[in-house]
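These notes concern the structure reproduced below.
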Amino acid sequence: MTRLVIVESPSKAKTITKYLGKGYTVKASVGHIRDLPKKLGVDIEHGFQEEYEIPASKAKVVTELKAAAKNANEIFLATDPDREGEAISWHLLEAIKPAKGTPVHRVLFNEITPSGIQKAMAAPTQINKKLVDAQRARRVLDRLVGYKVSQVLWDKVRRGLSAGRVQSVAVRLIVDREREIQAFQPIEYWVLKGRFSAKVPPAFWMKLTRLDGAQVQLGNKETKVRIGDAQRAHALRDLVKAAAWKVTSLETKEKKRNPAAPFTTAKLQQEAAQKLRMSVTRTMQNAQRLYEGVDFGEGPVGLITYMRTDSPRLAPEAVTAVRDYILQKYGKDHLPAKARIYKGKAGAQDAHEAIRPTDITRTPESLKNRLEPDQYRLYALIWRRTVASQMEAAVFDETVVEAETRLGNGELAAFEAKGEIERFPGWLVLYRAEETEKPVADDEEEESSVGLPPLKVGMPLKLDELDCDQQATKPPARFSEATLVKELEEDGIGRPSTYASIIATIQDRDYVKKQEGRFKPTELGCVVTDLLVQGFEELMDPSYTSGLESQLDRVEEGDLTFLKAMKDFYGPFEKLLAKAGKHMANLKAGIPAGAPCKKCGAPLLKRIGKNGLFLGCSKYPECDYTEELEKLEEPEDAPECPLCGATPMTLRKGQFGPFWACPNYPGCKGIRKADPKGIPVPPDQPLDEKCPTCGKHFVKRHGRYGEFVCCVDYPKCKTVKKEILGVPCPKCGGDLSPRKTRFGKVFYGCTNYPKCDFTAWDKPVPRSCPKCKNPYVTEKTRKPRGKDPITVLLCPACHHEEPLG
């Protein structure tokens, strides 16, 4: 009897094959096998019926799955246990069309472990049509919005632009934040900090916190009293120095700090971005590999539970295992009397438990040398968070000391300090991350804890030093990946499983770019957002997008049908499309920029061309004045024009990247090439060797992918000299030379390509192997943990290795 199990990932198929054993054939669909075509693909007039097709890239996979299904006595659809996985199972069933009477089951692998797989296989279900309809609704909504709104952008802005139901709202959040920053007016305030000493050390710092009982402003938060200028600050400084000080208030209270809940998808993405500096995409890729299984030499082992979840709850058996581990490792003092129970926020999908290790006894330390660095760091983060979530709270004694006195001008001034002493570490014995668990908000002054000496009320204090610092309120910070995910989650925009694709998409479309790890909108992103808000104000409202997510949840719960959800959306959306087509500004015709032309005085228009947005004269073609709209950040040393010697040249954007243009352009056509960062590249360096094709000299030139040697007439003469390694190609006997991928990574290939397709990542060296006499060896870089990288010579035939010397 043959049982066919279909999963999504080939690596997961490998892991499951090991656990299921004989009698089962495990195949991978490699993700989706059907999707909407490049055209609209939705029949709006006939119930929003989708027109699915099998992409050419998946034709071979589907053929193999059909053949396997034909020979199977029983079929198990084991795609990912979420809404999208349910839809993939439905698509598989529609595409492979198993023989009539063949039993088809749906199984949910929440963890890829022997017990998890046995449990799922013992309790198969049927495809959940409600989940499928919810995913169909999401896909159709995204297609309708993306296709229809993008058409408007093509008409009004430029062909090739695109909009999305969720991505465009994410860009709006970034654009709105940028405009808050630009409109921000800093407010000056002064902070007085004094270093006081008592009878016994240590001395400690206190801040002036109140004047006449009113709080003094110490951050962005506005208070009744603000020391707003130097004159007022210096006057207070002189009065504080002349005053006598003593302890007027001393309060010590117990403070507990509870552990955080186990990870949901969004929280894992945020923590990994903050603590590990991992992008959301990288986090999800590594989590996927940990879930699907890592091979330790005895077959793959799934290390964590399913990594797409909104719920922080743990399964009862997991709670028991964690509490047993805590009791054994840390003792009963670190174990609460009752298990901690965590609940998700209202509206969260609770189909899966939190992200946790599949085996809590498999500690990070035991896997340190067996996982890739990123996998180890992420696994350690998940493991510590899971164990800490069931540990006892950390206990501190927090002491607040205050010194209050009447100044010479009659004002009542109060200085304050806070001290904290750890009495019981609790969960912090395992997971000391409290400072990054609660990051300081952008508009709040950080509160620091100081070490305090033994103090008593009435004890005199000596003012040893007084600092008077000028500060200013700070604008809101740009979004990082962590804070953008947090904002999307709080606003209910999209789902955590889609955040990685959202962030990747808005960067790929050049609507935003990263600057020092934070998102800044491009001029194109700002303009497109403004036009979309003008034409589709409701659609671009975060609360509206969040409402659509709620509608999709209602479809999943069975409270709303697919057809009703589509009709409720499309009626108002169709009116928005008609309105936008009439009233949205047309960037192709030009949008008034509110500034005069510097050449003729006519109004300037904001327009878009093949190199992006620019300002152009409204009297074009009579007046050809143009101006860059989005200025590039120029390096400090600007070059001089190679034709007329004028300086400094201006950095501009071209079709193939940035370049330097003469300041007298268009009078002088002098230009200099620049690398992607805007740094001028060196001029061509003539060589003595002549081109074998045309007889002219070779030159050393800098191109998009680095330095290369070519004919001086390149690209008119296409002769490029290749570096020859002196190692014959093992496949055809030709020459080997270094080349680069489109991502800039060096590899080594045969010069007879495409006739010969030999390639190697490691550099071949013309030295025979002393062991097997292979005619060449390769240079391989090893990176031992905790040590400097070393380069060795490795034989590709017998794997003999020796130091490079």
Side-chain angles (χ1 to χ4, degrees), residues 2-17 20 24-43 48-100 102-109 112 120 124-143 146-147 284-285 288-289 291-293 306-308 495 497-498 500-501 505 556 562:
T2 303
R3 296 180 176 93
L4 173 65
V5 180
I6 304 178
V7 297
E8 291 181 44
S9 160
S11 60
K12 191 196 292 187
K14 185 179 178 183
T15 308
I16 294 170
T17 298
L20 288 179
Y24 289 91
T25 301
V26 185
K27 295 280 187 181
S29 70
V30 197
H32 283 277
I33 60 163
R34 295 200 313 173
D35 199 5
L36 297 173
K38 290 185 177 180
K39 60 181 181 178
L40 180 60
V42 180
D43 190 344
F48 298 89
Q49 189 61 44
E50 310 100 294
E51 179 189 330
Y52 290 110
E53 65 176 22
I54 298 171
S57 60
K58 290 298 178 73
K60 183 179 178 182
V61 173
V62 174
T63 301
E64 291 176 355
L65 292 175
K66 281 183 176 180
K70 189 176 180 181
N71 298 322
N73 304 106
E74 200 171 3
I75 298 174
F76 296 86
L77 301 174
T79 51
D80 285 350
D82 58 11
R83 188 189 285 172
E84 188 146 344
E86 204 74 22
I88 293 175
S89 282
W90 175 72
H91 282 295
L92 282 166
L93 191 59
E94 293 288 311
I96 63 178
K97 300 186 187 308
K100 190 175 181 180
T102 303
V104 179
H105 310 289
R106 174 80 170 110
V107 290
L108 306 174
F109 295 144
I112 310 299
T125 63
Q126 298 300 311
I127 291 176
N128 187 330
K129 197 61 171 64
K130 295 174 185 176
L131 281 176
V132 173
D133 284 348
Q135 182 59 30
R136 286 176 57 213
R138 173 184 286 278
R139 187 70 187 95
V140 171
L141 277 177
D142 288 343
R143 174 52 63 94
Y147 195 89
M284 296 308 291
Q285 286 172 345
Q288 182 85 31
R289 293 184 66 182
Y291 163 69
E292 290 177 350
Y306 192 56
M307 65 288 164
R308 294 187 178 93
R495 285 292 175 203
S497 58
T498 65
S501 63
T505 300
E556 179 176 329
F562 167 83

Next item on the list: Compare every heavy atom of Ala13 with every heavy atom of Ala28, then report the nearest pair and how far apart it is.
Entry: CB-CB, 4.3 Å
Item checked: Nearest heavy atoms of Ile75 and Pro98, plus distance in Å -> CD1-CB, 3.6 Å
Notebook entry, point to check: Are Tyr147 and Val42 side-chain neighbours, meaning at least one heavy-atom pair lies under 4.5 Å?
Noted result: no
Note to self: Using 0.5 Å steps for rounding, measure from the CD1 atom of Ile96 to the CG atom of Leu4.
What the structure shows: 6.5 Å
Next item on the list: Sequence neighbours left out, what passes ring-ring contact (aromatic ring centres under 6.0 Å, His included) with His105? Give chain and number order.
Entry: Phe76
Check: Got a second to check how far His91's NE2 is from Ser29's OG, nearest 0.5 Å?
Finding: 11.0 Å
Notebook entry, point to check: Got a second to check how far Ile16's CD1 is from Tyr24's OH, nearest 0.5 Å?
Noted result: 12.0 Å
Margin query: Check whether Glu8 reaches the backbone of Asp80 with its side chain - one donor and one acceptor, N or O, closer than 3.5 Å.
Written below: yes
Check: Which pairs, with at least one residue in residues 57-70 and sequence neighbours excluded, count as a salt bridge (charged side-chain N to carboxylate O under 4.0 Å, His left out)?
Finding: none
Check: From Leu131 CG over to Arg83 CZ, what is the distance, rounded to the nearest 0.5 angstrom?
Finding: 7.5 Å
Check: Could you give the distance from CZ (Arg136) to OH (Tyr52), rounded to the nearest 0.5 Å?
Finding: 6.0 Å
Item checked: Least distance between heavy atoms, Phe109 atom then Ala78 atom -> CE1-CB, 3.5 Å
Next item on the list: Might you point out which heavy atoms bring Ile88 and Gly31 nearest each other, and give the distance in Å?
Entry: CG2-O, 3.9 Å
Next item on the list: Answer yes when Glu86 and Arg106 have at least one side-chain N-carboxylate O distance shorter than 4.0 Å, and no when they do not.
Entry: yes
Item checked: salt bridge (charged side-chain N to carboxylate O under 4.0 Å, His left out) contacts touching residues 25-43 (sequence neighbours left out) -> Asp35-Arg139, Lys39-Glu51
Check: Which pair of non-hydrogen atoms, one from Thr2 and one from Asn71, has the smallest distance, and what is that distance?
Finding: CB-O, 3.8 Å
Next item on the list: Examine distances only and state if a side-chain atom of Thr15 and a backbone atom of Glu292 form a donor-acceptor pair shorter than 3.5 Å.
Entry: yes
Check: If you take all heavy atoms of Pro55 and Ile33, which pair is closest and at what distance?
Finding: CD-O, 3.4 Å
Item checked: Reference residue Glu84; test side chain to side chain donor-acceptor pair (under 3.5 Å); the match among Arg308, His32, Arg495, Arg138 -> His32
Margin query: For the CE atom of Met307 and the CE atom of Met284, what is their distance to the nearest 0.5 Å?
Written below: 5.0 Å
Item checked: Side-chain touch Glu50/Arg143, heavy atoms, less than 4.5 angstrom -> no
